[in-house]
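Presented below is the structure to which this report refers.
In what follows, every heavy atom counts, from backbone to side chain, and hydrogens, waters and symmetry copies are set aside. Counting starts at 1 for both ligands and their atoms, in listed order.
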Amino acid sequence: MEPIEGMNFELPEELVQMRDTLRRFVDREMIPIERQVRSTYKTDPKPIATLTEKAKALGLEGFDVPVEHGGMGLGLLAKTIVWSELARSIALPSRGGAILGPNISPILYALNPAQQEKYLKPTLAGKYRWCFMQTEPDAGADPSSMRTRAVRQGDHYVINGNKRFISFAGDSDYAQVIALTDPEKKARGGISAFIVPIKTPGLKLVRQQELMVDDRPWEVTFDNVKVPVEDRIGEEGEGFKHAQHWLNTGRIRHGARSMGVMMRCLELAASYAKQRVTFGRPLADRQSIQWMLAEMYTDLHQLRLMVHHAAWKYDRGEDIRNEAFMCKNFGNVQSFIAADKCMQIHGGIGMSTDLPIETLWRDQRSMQITEGPTEVLKMTLARHVLKEYGG
Ligand SMILES: Cc1cc2nc3c(=O)[nH]c(=O)nc-3n(C[C@H](O)[C@H](O)[C@H](O)COP(=O)(O)OP(=O)(O)OC[C@H]3O[C@@H](n4cnc5c(N)ncnc54)[C@H](O)[C@@H]3O)c2cc1C
């Protein structure tokens, strides 16, 4: 029988080639130095600079930057290939690592022409770094309950409040700050976004939070911080929309990153299981170990189908909100389980800092909390399920 037209699971040839090139790069350039680069929580900048230089040969610089801003403007399917292949190594930190051009939050592309000149251009040129300030002591998974207030006074706003868990605040030139402009409306038009240079008087970096992952996010206070009206992003009340848009597109990146982690865990676990002999036989001969490998393989296959399907749909201009929730949740949970199984198969050496497994395990555990905890994404997805299937 002829195959049914219109259903095609093959990656286009150019993406297969791109994947293979990236895989060789990760194997040859990143994996050999990964433990040296990430031996402490602060990533060593020197090997990253060398990697960035070598990565130029890949011809993928600016892969995540739209063409109209001088980048390659790759489609989402192509980007998932880049994200997943790079995630096979821990050489780059799990948050904020970039060797193929700067990481730009999509909110910055929503800036008006004057703001783009002032902030986006120097960021694309690698001169400015930014951070994103949304979370507060009493508003994390539920940002709509934030209390940081921005009160308009003539041609400027005055911001007061506290933010916490702000990654890279200490290394940034400016922050994208999400604050309350109308406490009555809250998430329904009462939250706005601003660009605030880190050196603005009244903005204080209070302390860095020690964590089990390498990130050391900051606690920040705003004490009568004056921000000109021209540094507001979009209209007043649009901040929540902008912030949520960014978090939505990032969910596919989480799924793709998880694919890379699962591929690496499978490679490590399968090769170790073949080498390591206990009770006179290799671990690979034991059914309990084979089952772990078979489960990891099946989960990776599911995730790959989900991520590639969501990206393909996005590239066709379709809404992928629900797919994005599923890709982030499934990917982050299953990649953590894969790292856990990989650690179990390795025994004590799996917990050592000679191997990347403990880092993958810690990183993937944290991904189930940040940028939308698992339960909250499921809660949002359930609204759709109840509507579609609840009659
Ligand atoms: C390493 C790291 C980096 C971060 N970087 C940034 C950053 O750069 N900028 C920024 O703004 N924020 C950042 N954050 C904050 C992060 O986004 C929040 O930690 C996250 O949103 C969860 O908020 P919370 O910690 O206040 O948990 P809470 O909101 O207190 O939730 C606690 C737990 O309760 C459960 N829960 C919550 N609501 C529900 C519900 N409705 N139903 C069922 N269960 C629920 C979930 O399991 C959740 O994990 C970072 C955090 C970490 C750890």
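- Scanning all protein heavy atoms for the shortest distance to atom 52 (C) of ligand 1 gives Thr370 CG2, 3.2 Å.
- Using a 4.0 Å cut-off between charged side-chain N and carboxylate O, Arg88 and Glu267 make a salt bridge.
- Inter-residue side-chain proximity for Trp312 and Leu11 is flagged as unmet; no heavy-atom pair is nearer than 4.5 Å.
- Taking a cut-off of under 4.0 Å to the non-hydrogen atoms of Leu211, the atoms of ligand 1 that pass are 1 (C).
- Across Ala324 and Ile252, no two heavy atoms sit closer than the pair CA-CD1, 3.8 Å.
- Protein heavy atom in closest approach to atom 41 (N) of ligand 1: Met379 SD, 3.3 Å.
- Of the protein's heavy atoms, Pro373 CB, 3.6 Å lies nearest to atom 49 (O) of ligand 1.
- By the 3.5 Å distance cut-off applied to N or O atoms, Gln134 is counted among the residues near ligand 1.
- Close approach of ligand 1 to Val376 (heavy-atom distance below 4.0 Å) involves ligand atoms 37 (C), 38 (N), 39 (C).
- Between Phe168 and Arg129, the closest side-chain pair of non-hydrogen atoms is not below 4.5 Å.
- Looking from atom 24 (P) of ligand 1 to the surrounding protein, the closest heavy atom is Gly140 CA, 3.9 Å.
- Close approach to Asp215 involves these atoms of ligand 1, each under 4.0 Å from a residue heavy atom: 1 (C), 3 (C).
- Between Gln364 and Asp340, every side-chain heavy-atom pair lies at or beyond the 4.5 Å cut-off.
- By the definition of a contact as any protein heavy atom under 4.0 Å away, atom 32 (C) of ligand 1 is not in contact.
- Salt bridge absent: Glu136 and Arg164 never bring a charged side-chain N and a carboxylate O closer than 4.0 Å.
- Salt bridge absent: Arg35 and Asp354 never bring a charged side-chain N and a carboxylate O closer than 4.0 Å.
- Side-chain contact between Asp223 and Lys204 is absent, with no heavy atoms from C-beta onward closer than 4.5 Å.
- Heavy-atom proximity to Glu371, at under 4.0 Å, picks out these atoms of ligand 1: 17 (O).
- Among all protein heavy atoms, the one lying closest to atom 20 (C) of ligand 1 is Ile369 O, 3.6 Å.
- Formation of a donor-acceptor pair under 3.5 Å by the Lys226 side chain with backbone atoms of Gly202 is not found in this model.
- Between the side chains of Gln302 and Arg304, not a single donor N or O lies within less than 3.5 Å of an accepting N or O.
- Ligand-side atoms of ligand 1 in range of Thr135: 10 (C), 11 (O), 12 (N), 13 (C), 14 (N), 15 (C), 16 (C), 17 (O), range being under 4.0 angstrom from any heavy atom.
- Of the protein's non-hydrogen atoms, Phe165 O, 3.1 Å is the one closest to atom 7 (C) of ligand 1.
- Closest to atom 43 (C) of ligand 1, if we only count protein heavy atoms, is Glu375 CB, 3.5 Å.
- In terms of N/O distances under 3.5 Å, ligand 1 is approached by Ala141.
- For Arg164, no nitrogen or oxygen atom sits less than 3.5 Å from a nitrogen or oxygen atom of ligand 1, counting backbone and side chain alike.
- Protein heavy atom in closest approach to atom 9 (N) of ligand 1: Phe132 O, 2.8 Å.
- By the 4.0 Å N-to-carboxylate-O rule, Arg95 lies too far from Asp214 to be salt-bridged with it.
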